[in-house]
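Take a look at the structure below.
So that the names make sense, note that chain A is the first sequence line, chain B the second, and so on, each numbered from 1.
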Amino acid sequence: MDSIAGTKSSLSWAVNISVVLLVVLWLIPTVGLLVSSFRDRDQISATGWWLSPFPVSENYQVKAPADHATPEGGVNTITGNVFGEGSGKVSRFGGKRAAPTEFKAGETAELTRDRTLTVQSDGSYIYTSPAEITRDPSIYFAAASPPDFSLDNYRTIMASDNMDRAFINTLTVTIPATIIPILIAAFAAYALAWMDFKGRGFLIALVVGLLVVPLQLALVPLLTLHNKVGIGQSFLGIWMAHTGFGLPLAIYLLRNYMVGLPRDIIESAKVDGATDFQVFTKIVLPLSFPALASFAIFQFLWTWNDLLVAKVFLPSNSESWVMTVKIADDLLGSKGGDWGILAAAAFISIAVPLIVFFTMQRYLVRGLLAGSVK
Amino acid sequence: MSPMIQGMLTILIGVGGCVGYFFASNLILDKIIFPPQKKNPGKNINRANMVRPWLFLFPALAALGLYLVYPVVGSFYRSLFNRSGDDFIGFGNYTTMFADDGFQTALLNNFLWVLVVPASATFLGLLVAQLTDRLSWGNIAKSLIFMPMAISFVGASLIWKFVYANNPDIGLINAIRDSFGAAPLDPLQLPFWNNFFLMFILVWIQTGFAMVILSAALRGIPEETIEAAIIDGANPFQIFFKIKVPQIMGTIVVVWTTITILVLKVFDIVYTMTGGNFGTEILPSYMMSYMFRDDGRATAVAFVIMIIVLPVMIWNIRQARQEMK
């Protein structure tokens, strides 16, 4: 439409390029996380993830065996190869811990007390000392190692860190908290959409109002209540809380959808003698499937990703941690510097929502539109 | 009993209970209380139909009442008591709180968040919606920009922790600084500006939301208005700002307020990124720092959030009532 007249092709180029830039900007952080989660931890600290396809230069240390020293021309000499039986390419080397890459490969390093060290780029070295060599001298060198991608981070986090438990806990919280509100809300939405009674307008306004009530208000009174009733901090408590918190959106979305269903179908069914219950279960519910799916996706993403409700309504012991709590309260503290493990944990926690998102995007978009554009 | 089995049972009991309740209550209403067979069946049917909506509504209303209406009152009531909940101290919690430096920082930062995040997310969303509108690969682009919506705030924070990391071999920002020869710095510890780095995470998440809705609104604009503008010689920028934007103003406001409400609830980002340190505290995270320690103070903060949300709530309700007429 815009291109009917007045648009120049240069503008179209500009549009294409700016969208590419925006998309790249939006994707880079996530790609970084994904790449990092597969990298070896030493490589992560050696180079940025954007350099991960290239070999990484890392520093190593080997000991030259002192008992192999032979006297040659008045000096004790050790020869050997830093790679032992293997092979590689030494770029720099050094003779002391403080300056491990002081010299280029092939140079001869003059060390203290007249000792010398030469390391060739193929790894062979000559170490000389006028005095007798009693302890194994250290050789420091930097060599390029090929990119190292593996599932090790995932294995570590799943096996040793209780992340599998957290994953199951998240699933346990999410599924009932998604299914139960749908049913309750569907009946209420039908009543608000197709039944005539006093106070309907008020109830709809109430639901709209409750949509924006900050969850923060609910935390203290409800936790107190749960403790009094004996539910305490438990899975039962969080299921009930999520059900309550999800209902306004569920009722609102479903009512908006049901109101739009053709009046003829419902009225003719009633004329034929169907009760409201039959109209609801046999006609309205099947027709509302898209709206039900939209809400189910919303509620699923919301409960899966939730941190606040889980922190308050679940017990604070590590057996009941869901993944968000596990990452925010445990891993960030205890594994703060272990970026590979953190990335793997984050990716485990966002993988399921991403799959749901990309497979059911249609319903998600439809739900968003029904909820907002009016 | 393992939580997994407990979960299965809850689904069964919950779903079965709901279905059973609705089925049985309707049956009782029709067959026992107001049976249409005996004397005056017509009156009975009418009566039954007067009661039925409330049968349908009862579980939802009970849950809403308990989990959302009661807490508004309950929180306010609790905020009038001291830490242990024994002594009534009136507005004592509020007065000590407003005098607290931490609270003032949080309130100020929160106003910054409310100003910056909805505006940036809506603007970027509108920009992307317009740019991708006629693009052949527009849907793929939109899908990718929409993606962060699926990621949890905690996950998003971790993703951005990588970008912001102090180490130039991990953090992109410091890598770029490093290539210009600047010394690495921690963006999250820069006073004042660190707030904006945190805000950008939420903008990153919410732009997709704004884009999806605004893109649908742009598609809904009657084509005649644009055609007329083109014939009159308007350039693409004039078409966008003078023809399109005014027509979708209503939707822009809806998107803006929706994100505003969200901003007032999100504590996860600040909690994960800085824990409220370095002057980045906002009200929801300030509240969480008192949760489990001082319920009186925590509920007072929650109630302040509620009061900030209130105008939006009233506006929403009025909009909804107008639509129903």
*asked:* If you compare all heavy atoms of G201(A) against all heavy atoms of R321(B), which two are closest, and at what distance to 0.1 Å?
replied: C-NH2, 4.2 Å
*Heavy atoms only, distances under 4.5 angstrom: which of V356(A), V325(A), L236(A), L27(A) has the most pairs with chain B? Name it, please.*
L27(A)
*Nearest atoms (heavy-atom pairs only) where I251(A) meets L64(B)*: CD1-CD1, 4.0 Å
Would you list the atom pairs, donor with acceptor, under 3.5 Å between side chains in residues 294-307 of chain B and any protein atom, with sequence neighbours excluded?
unit_1	atom_1	unit_2	atom_2	d
D294(B)	OD1	G296(B)	N	3.2
D294(B)	OD1	R297(B)	N	3.2
R297(B)	NH1	Y286(B)	OH	2.7
R297(B)	NH1	Y290(B)	OH	3.1
T299(B)	OG1	S79(B)	N	3.4
T299(B)	OG1	D295(B)	O	2.8
T299(B)	OG1	G296(B)	O	2.9

*Under the side-chain contact (heavy atoms from CB on, under 4.5 Å) criterion, do I28(A) and V163(B) qualify, and how do the steps go?*
CA-CA 9 Å; I28(A) 277 181; V163(B) 178; 5.7 Å; no
_Please classify the contact of V73(B) with chain A as side chain, backbone, both or neither, using a heavy-atom distance under 4.5 Å._
neither
_Top of L354(A), L171(A), L215(A) for chain B proximity - count of heavy-atom pairs under 4.5 angstrom_ = L354(A)
*Would you please name every residue forming a ring-ring contact (aromatic ring centres under 6.0 Å, His included) with F245(A), sequence neighbours left out?*
none
*Examine whether an atom of M291(B) lies under 4.5 Å from a heavy atom of chain A, and if so say whether it belongs to the side chain, the backbone or both; otherwise answer neither.*
side chain
*Proximity breakdown for L135(B) and chain A, heavy-atom pairs closer than 4.5 Å*: side chain
*Heavy atoms only: give me the nearest K198(A)-W54(B) pair and the separation to one decimal.*
O-CZ2, 3.6 Å
_Atom group of R52(B) that falls short of 4.5 Å from chain A, counting heavy atoms_ = both
*Below 4.5 Å from any heavy atom of chain A, which atoms of W160(B) appear? Answer side chain, backbone, both or neither.*
side chain
*Please check if the side chain of N305(A) supplies one atom and the backbone of A150(B) the other of a donor-acceptor pair under 3.5 Å.*
yes
_The single option from F23(B), F22(B), Y21(B) passing ring-ring contact (aromatic ring centres under 6.0 Å, His included) against F187(A)_ = F22(B)
_side-chain contact (heavy atoms from CB on, under 4.5 Å), that's the test. Do Q216(A) and L283(B) meet it? Break it down for me._
CA-CA 10 Å; Q216(A) 274 82 2; L283(B) 290 180; over 6 Å; no
*Begin with the C-alpha distance, continue with both residues' side-chain angles, and end with the deciding distance and a verdict on side-chain contact (heavy atoms from CB on, under 4.5 Å) for L66(B) and L225(A).*
CA-CA 10 Å; L66(B) 184 64; L225(A) 187 77; 3.7 Å; yes
_Run the side-chain contact (heavy atoms from CB on, under 4.5 Å) test on Y67(B) and T243(A) for me, step by step, so that the C-alpha distance in whole Å, both residues' side-chain angles and the decisive distance to 0.1 Å come before the verdict._
CA-CA 9 Å; Y67(B) 279 85; T243(A) 302; over 6 Å; no
*Region of P168(B) in contact with chain A, defined by heavy-atom distances below 4.5 Å*: backbone
*Looking at side-chain heavy atoms only, is the closest gap between L144(B) and W26(A) below 4.5 Å?*
no
*asked:* Once rounded to the nearest 0.5 Å, what's the spacing between atom CE of M288(B) and atom CG of L307(A)?
replied: 7.0 Å
_Value rounded to 0.5 Å, distance of CZ in F56(B) from CE in M195(A)_ = 4.5 Å
_As an exercise, state the distance from CD1 of I159(B) to CG of L34(A), rounded to the nearest 0.5 Å._
9.5 Å
*asked:* At a 4.5 Å cut-off on heavy atoms, which part of N26(B) comes close to chain A: side chain, backbone, both, or neither?
replied: side chain
_Atom of L211(A), atom of K265(B) and distance for their closest heavy-atom approach_ = O-NZ, 3.9 Å
*Give, for atom CG of L131(B) and atom CD1 of I17(A), the distance between the pair rounded to the nearest 0.5 Å.*
12.0 Å
*Structural part of M287(B) lying under 4.5 Å from a heavy atom of chain A*: side chain
*Under a 4.5 Å heavy-atom cutoff, which of W49(A), W50(A), W194(A) has the most pairs with chain B?*
W50(A)
*asked:* Using heavy-atom distances under 4.5 Å, tell me whether M240(A) contacts chain B through its side chain, its backbone, both, or neither.
replied: both
_Heavy-atom pairs under 4.5 Å with chain B: which of G209(A), A218(A), G244(A) has the most?_
G209(A)
*Per-residue contact mode, I231(B) against chain A (heavy atom under 4.5 angstrom)*: neither
*When rounded to the nearest 0.5 angstrom, what distance separates CG in L29(B) from CZ in F277(A)?*
12.0 Å
*asked:* Please identify, among S349(A), A186(A), A343(A), the residue contributing the most non-hydrogen atom pairs under 4.5 Å to chain B.
replied: A343(A)
_Gap separating the OG1 atom of T172(A) from the CD1 atom of I5(B), nearest 0.5 angstrom_ = 10.5 Å
*Below 4.5 Å from any heavy atom of chain A, which atoms of I151(B) appear? Answer side chain, backbone, both or neither.*
both
*Pick one of side chain, backbone, both or neither for I314(B), based on which atoms fall under 4.5 Å of a heavy atom in chain A.*
neither
*Of all the heavy-atom pairs spanning A60(B) and L247(A), show the shortest one and how long it is.*
O-CD1, 3.9 Å
_Pick from L301(A), I180(A), L183(A) with the largest number of heavy-atom pairs that fall under 4.5 Å of chain B_ = L183(A)
*Looking only at heavy atoms, what is the nearest atom pair of L57(B) and A191(A), with distance?*
CG-CB, 3.9 Å
*Which of these passes side chain to side chain contact (heavy atoms under 4.5 Å, CB included) with P221(A): F76(B), Y77(B), Y70(B)?*
Y70(B)
